Novice: 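Let me begin by handing over the structure; questions about it come next.
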Amino acid sequence: MKERVEYIIKHNALVQGLYRRVLSVAFRVVGLFVPVEESKVLLSSFSGKRYDDSPKVLFERMLERSDCEDLRFVWAFNEPDEYQLPRAESVKMHGWAYWKAALSAKFWVTNVNIECGLSFKKKEQVYVNTWHGTGNKSYGNLVPGRNDYDFSTVDVFAVDGDFMADMHHRALKASYDSFVYCGRPREDELYRSNESTRREIRDRLSIPKDAFVVLYAPTWRESLTGGDDYSFKAPLDANRVLDALGENALMLYRAHSIVTETMGISFTDRVVDCSTYPNINELYIAADLLISDYSSVFADYSILGKPMICFAFDYEEYALSRGLTADFRDDITTFYNEEDLCNYLSSFNYLKESEKSKRFKAKYIAAGGNATDACIDAMLSASKRKPC
């Protein structure tokens, strides 16, 4: 029911406008009676779905920093009883405790949004947004029929370069003054990874030493059932891909977090479902090749400088229905059918594709590696507190 309501609000302009106007005014009025608490931090990741991504990294670093030792944390989850975190209270996403925390917290930290499409942030509150990827899918006000996204009140907006800064400005009405060119905190781990890290992760995943690992991570498609589910039918024959790569190849499959069901793929010892694996960075590090489509995983993975392939089997349909802000086909080797993809994989040049990934990173990503402390420093500075 919650998913259906969210879908209706998102896709019905009349309902959406009414929702925004009425509740925004209501929360502003209530906020007049709720004082801001200088040491309170409200955090959420992907609208309460998980404890992960950049908000998790920022939280765990703040627990370590001496200039954050007085801060008290409130984490918002869809299932708050599942999480017990140090120095943190867990509250129900969209419950009264959440809205009260949003009105009273000095700091907001998220990778999506805090106000859920509303507008009630107080001037004395500090809003930190890391977003959740560098990609070429249309979003926010770039989606046809949308002009209601307004992130102009964000104080600290983490970006990895001019490409995403310009996209956030156009799509979200984010202010250029808010941008901190540091990358995303979740990606610091990728910049620090080395061969020793890779061996440890592959051992933990029980991957044989001589295995060639392909990570298949397609993005989500729009719901065909009005928001009841977001199923995805994998267009690739996993076994055929592995045969093309050789007998020592295996596949790690990673569904997008929105996907509710994956069809058309059978999981075996050589085709492993890693959709619920807690840290996708470790899958990036363990892999030798990434296959995706229009996902922001390309940007994260390019940090490692390893081969990437775009399998755009529904390019025309996707570009028409969703819209794209850039044509990554100019930067990533792209195929539109399984036959051509597998023929290429049977003899693809690893070093050539690796160099192409490095050029992709140089084109779209200018900053990264110390985003965690950079974001916290900017957050404290915006609040007039002195960072370490």
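From a predicted model like this one, the values you see are computed outputs, not experimental measurements.
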Novice: Looking just at side-chain N and O atoms, do Thr110 and Ser44 make a donor-acceptor pair shorter than 3.5 Å?
Specialist: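 Distance-only check passes for Thr110 and Ser44.
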
Novice: Quick one, Tyr19 with Leu118, criterion side-chain contact (heavy atoms from CB on, under 4.5 Å). Give me CA distance, side-chain angles, the key distance, then yes/no.
Specialist: CA-CA 8 Å; Tyr19 161 81; Leu118 306 180; 3.6 Å; yes

Novice: Which residues pass the salt bridge (charged side-chain N to carboxylate O under 4.0 Å, His left out) test with Asp188, sequence neighbours left out?
Specialist: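 Expected list: none.
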
Novice: Ignoring hydrogens and geometry beyond distance, is a side-chain donor-acceptor pair present between Lys40 and Ser104 at under 3.5 Å?
Specialist: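 Yes - a donor-acceptor pair under 3.5 Å links their side chains.
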
Novice: State whether Arg65 and Asp373 are salt-bridged, where the test is any N-O pair (Lys NZ or Arg NE/NH1/NH2 against Asp/Glu carboxylate O) under 4.0 Å.
Specialist: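 Answer for the salt bridge query: yes.
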
Novice: Are Asp148 and Lys173 ion-paired here, with the side-chain N under 4.0 Å from a carboxylate O?
Specialist: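 Salt bridge flag = no for Lys173 with Asp148.
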
Novice: Given Ser90 and Asp81, is the side-chain contact (heavy atoms from CB on, under 4.5 Å) satisfied, shown in steps?
Specialist: CA-CA 7 Å; Ser90 296; Asp81 293 340; over 6 Å; no

Novice: Can a donor-acceptor pair be found, under 3.5 Å and without considering hydrogens, that links the side chain of Ser357 to the backbone of Glu353?
Specialist: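 Yes; at least one donor-acceptor contact below 3.5 Å.
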
Novice: Answer whether the closest heavy-atom distance between the side chains of Leu252 and Val214 falls below 4.5 Å.
Specialist: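 When only atoms from C-beta onward are counted, Val214 and Leu252 do not touch, as no gap falls below 4.5 Å.
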
Novice: Go through Tyr127 and Ile114 one step at a time and tell me if the side-chain contact (heavy atoms from CB on, under 4.5 Å) criterion holds.
Specialist: CA-CA 9 Å; Tyr127 188 175; Ile114 290 292; 4.1 Å; yes

Novice: Would you say that Arg87 contacts Met62 through its side chain, given a criterion of any heavy-atom pair below 4.5 Å between the two side chains?
Specialist: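 No, side chains not in contact.
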
Novice: Check for me whether the distance between the ring centres of Tyr83 and Trp75 falls short of 6.0 Å.
Specialist: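 So the answer is no for these two rings.
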
Novice: Judged by modelled atom types alone, do Asn343 and Asp340 share a side-chain donor-acceptor pair under 3.5 Å?
Specialist: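 Note: Asn343 and Asp340 side chains miss the donor-acceptor criterion.
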
Novice: If every non-hydrogen atom of Ser302 is compared with every non-hydrogen atom of Lys361, which pair is closest and at what distance?
Specialist: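 Looking at all heavy atoms of both residues, the shortest contact is OG-CB, 3.6 Å.
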
Novice: Classify the ring geometry of His169 against Tyr176: parallel below 30°, tilted from 30° to 60°, perpendicular beyond 60°.
Specialist: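 Rings of His169 and Tyr176: tilted, 30 to 60°.
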
Novice: Is there a side-chain contact between Phe120 and Leu23 in this structure, where contact means two heavy atoms from C-beta onward sitting under 4.5 Å apart?
Specialist: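 Side chain of Phe120 against side chain of Leu23, heavy atoms only: no contact under 4.5 Å found.
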
Novice: Are Glu189 and Asn279 linked by a side-chain donor-acceptor pair shorter than 3.5 Å?
Specialist: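 A donor-acceptor contact under 3.5 Å links the two side chains.
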
Novice: Would a hydrophobic clustering, with Ile, Leu, Val, Met, Phe, Trp and Tyr connected at side-chain separations under 4.5 Å, put Phe46 with Ile258?
Specialist: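 Cluster IDs for Phe46 and Ile258 differ.
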
Novice: Between Lys306 and Asp288, is there a salt bridge with N-O shorter than 4.0 Å?
Specialist: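 Result for this pair is no, no salt bridge flagged.
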
Novice: Any chance you could measure Phe59, atom CZ, to Cys68, atom SG, to the nearest 0.5 Å?
Specialist: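 SG of Cys68 is found 11.5 Å from CZ of Phe59.
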
Novice: Would you find a donor on one side and an acceptor on the other, under 3.5 Å apart, between the side chain of Thr219 and the backbone of Ser295?
Specialist: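 No; judged by distance alone, with no hydrogens or angles, the pair does not exist.
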
Novice: Can we say Glu317 and Arg322 salt-bridge, meaning some charged N sits less than 4.0 Å from an Asp/Glu carboxylate O?
Specialist: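 No, Glu317 and Arg322 are not salt-bridged.
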
Novice: Search all heavy atoms of Trp131 against all heavy atoms of Asn129 and return the closest pair with its distance.
Specialist: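 Shortest heavy-atom separation between Trp131 and Asn129 comes out as N-OD1, 2.8 Å.
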
Novice: In plain terms, say whether Glu64 and Arg61 are close enough for a salt bridge, that is, a side-chain N and a carboxylate O under 4.0 Å apart.
Specialist: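 Yes, charged N to carboxylate O under 4.0 Å.
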
Novice: Using the six-membered ring wherever Trp is involved, compare the ring planes of Tyr350 and Phe348 and label them parallel, tilted or perpendicular (cut-offs 30° and 60°).
Specialist: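 Ring orientation, 0 to 90° scale: tilted.
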
Novice: Just to verify, which of Thr130, Asp53, Asn111 counts as forming a side-chain hydrogen bond (donor to acceptor under 3.5 Å, both in side chains) with Ser45?
Specialist: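 The single option meeting the side-chain hydrogen bond (donor to acceptor under 3.5 Å, both in side chains) with Ser45 is Asn111.
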
Novice: Between Lys137 and Asp293, does any NZ, NE, NH1 or NH2 come within less than 4.0 Å of an OD or OE carboxylate oxygen?
Specialist: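 The answer is no: the pair does not qualify as a salt bridge.
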
Novice: When rounded to the nearest 0.5 angstrom, what distance separates OG in Ser296 from CG in Asn136?
Specialist: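 With rounding to 0.5 Å, OG (Ser296) is 9.5 Å from CG (Asn136).
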
Novice: Do Glu200 and Arg204 meet the salt-bridge criterion of a basic N to acidic O distance under 4.0 Å?
Specialist: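 Looking at Glu200 together with Arg204, the answer is no, because their closest N to O distance does not fall below 4.0 Å.
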
Novice: When you check the side-chain N and O atoms of Tyr294 and Asp314, is any donor under 3.5 Å from an acceptor?
Specialist: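 The answer is yes; a qualifying pair exists.
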
Novice: Sub-3.5 Å donor-acceptor pair from the side chain of Gln125 to the main-chain atoms of Ala102, do we have one?
Specialist: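 Yes.
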
Novice: One thing to verify: whether Glu355 and Lys358 come together as a salt bridge, which I'm taking to mean a side-chain N less than 4.0 angstrom from a carboxylate O.
Specialist: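 Answer for the salt bridge query: yes.
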
Novice: Say you draw a straight line from OG of Ser54 to NZ of Lys56; how long is it, rounded to the nearest 0.5 Å?
Specialist: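 Answer for the OG-NZ pair, Ser54 versus Lys56, is 11.0 Å.
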
Novice: Is it the case that Arg329 places NZ or CZ above or below the six-membered ring of Tyr315, under 6.0 angstrom from the centre and within 45 degrees of the axis?
Specialist: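 That pair qualifies as a cation-pi contact.
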
Novice: Report yes if the side chains of Asp300 and Arg184 come closer than 4.5 Å at any heavy-atom pair, otherwise no.
Specialist: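 A side-chain contact exists here, since the closest heavy-atom pair is under 4.5 Å.
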
Novice: Would you call Cys116 and Trp99 a side-chain contact if the rule is heavy atoms closer than 4.5 Å?
Specialist: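 In contact.
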
Novice: If you compare all heavy atoms of Ala287 against all heavy atoms of Leu215, which two are closest, and at what distance to 0.1 Å?
Specialist: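 Nearest heavy atoms, Ala287 then Leu215: CB-CB, 3.8 Å.
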
Novice: Does the side chain of Leu289 come within less than 4.5 Å of Val213's, by heavy atoms?
Specialist: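 SC-SC contact between Val213 and Leu289 ruled out.
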
Novice: Scan residues 356-385 for pairs that pass ring pair (Phe, Tyr, Trp, His ring centres under 6.0 Å), counting only residues two or more places apart or in two chains.
Specialist: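 Residue pairs with at least one partner in residues 356-385: Phe163-Tyr364, Phe328-Phe360, Phe328-Tyr364, Phe360-Tyr364.
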
Novice: What's the separation between atom CG in Leu71 and atom CG in Leu63, rounded to the nearest 0.5 Å?
Specialist: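 Answer for the CG-CG pair, Leu71 versus Leu63, is 9.5 Å.
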
Novice: Taking Val41 as the fixed residue, which of Val74, Val109, Leu58 is the one that meets the side chain to side chain contact (heavy atoms under 4.5 Å, CB included) rule?
Specialist: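 Of the listed options, the one satisfying the test is Val109.
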
Novice: Looking only at heavy atoms, which two atoms of Gly305 and Ser354 are closest? And how far apart?
Specialist: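 Shortest heavy-atom contact: O-CB, 3.3 Å.
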
Novice: Let's go through Asp331 and Lys363 carefully: what are the C-alpha distance in whole Å and the side-chain angles of both, what is the deciding distance for salt bridge (charged side-chain N to carboxylate O under 4.0 Å, His left out) to 0.1 Å, and is it a yes or a no?
Specialist: CA-CA 9 Å; Asp331 310 290; Lys363 181 176 180 178; 3.0 Å; yes

Novice: Assess the residue pair Glu89 and Arg72 against the criterion (salt bridge (charged side-chain N to carboxylate O under 4.0 Å, His left out)); give the C-alpha distance rounded to whole Å, side-chain angles, the decisive distance to 0.1 Å, and a yes or no.
Specialist: CA-CA 8 Å; Glu89 174 189 2; Arg72 297 182 298 108; over 6 Å; no

Novice: Donor-acceptor pair, Lys356 side chain versus Ile332 backbone, under 3.5 Å?
Specialist: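 Flag not set: sc Lys356 to bb Ile332 has no pair under 3.5 Å.
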
Novice: What pair of heavy atoms forms the shortest contact from Pro235 to Phe311, and how long is it?
Specialist: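 Here Pro235 and Phe311 meet closest at CG-CE2, 3.7 Å.
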
Novice: Using a strict 4.0 Å threshold on nitrogen-to-oxygen distance, state whether Arg240 and Glu338 make a salt bridge.
Specialist: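 Yes, Arg240 and Glu338 are salt-bridged.
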
Novice: Please find the pair of heavy atoms, one from Leu172 and one from Gly140, that lie closest to each other, and give the distance.
Specialist: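 Closest pair (atom of Leu172, atom of Gly140, distance): CD2-CA, 4.3 Å.
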
Novice: So do the side chains of Val154 and Trp108 get within less than 4.5 Å of each other, counting heavy atoms only?
Specialist: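 Result no, sub-4.5 Å side-chain heavy-atom pair not found.
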
Novice: Compare all side-chain heavy atoms of Leu103 with those of Phe33 and state whether any distance is below 4.5 angstrom.
Specialist: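 Side chain of Leu103 against side chain of Phe33, heavy atoms only: no contact under 4.5 Å found.
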
Novice: Are the aromatic ring centres of Phe151 and His168 under 6.0 angstrom apart?
Specialist: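 Centroid separation for Phe151 and His168: 6.0 Å or greater.
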
Novice: Take Ser152 and Ser175, measure what side-chain contact (heavy atoms from CB on, under 4.5 Å) needs, and give me the verdict at the end.
Specialist: CA-CA 5 Å; Ser152 61; Ser175 167; 5.5 Å; no

Novice: Identify, with sequence neighbours excluded, every residue that meets ring-ring contact (aromatic ring centres under 6.0 Å, His included) alongside Tyr98.
Specialist: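 For Tyr98 there are no ring-ring contact (aromatic ring centres under 6.0 Å, His included) partners, ignoring immediate neighbours.
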
Novice: Would you call the rings of Tyr344 and Phe335 parallel, tilted or perpendicular if under 30° counts as parallel and over 60° as perpendicular?
Specialist: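 Rings of Tyr344 and Phe335: tilted, 30 to 60°.
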
Novice: In Å, rounded to the nearest 0.5 Å, how long is the span from OH of Tyr253 to OG of Ser275?
Specialist: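 Between atom OH of Tyr253 and atom OG of Ser275 there are 5.5 Å.
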
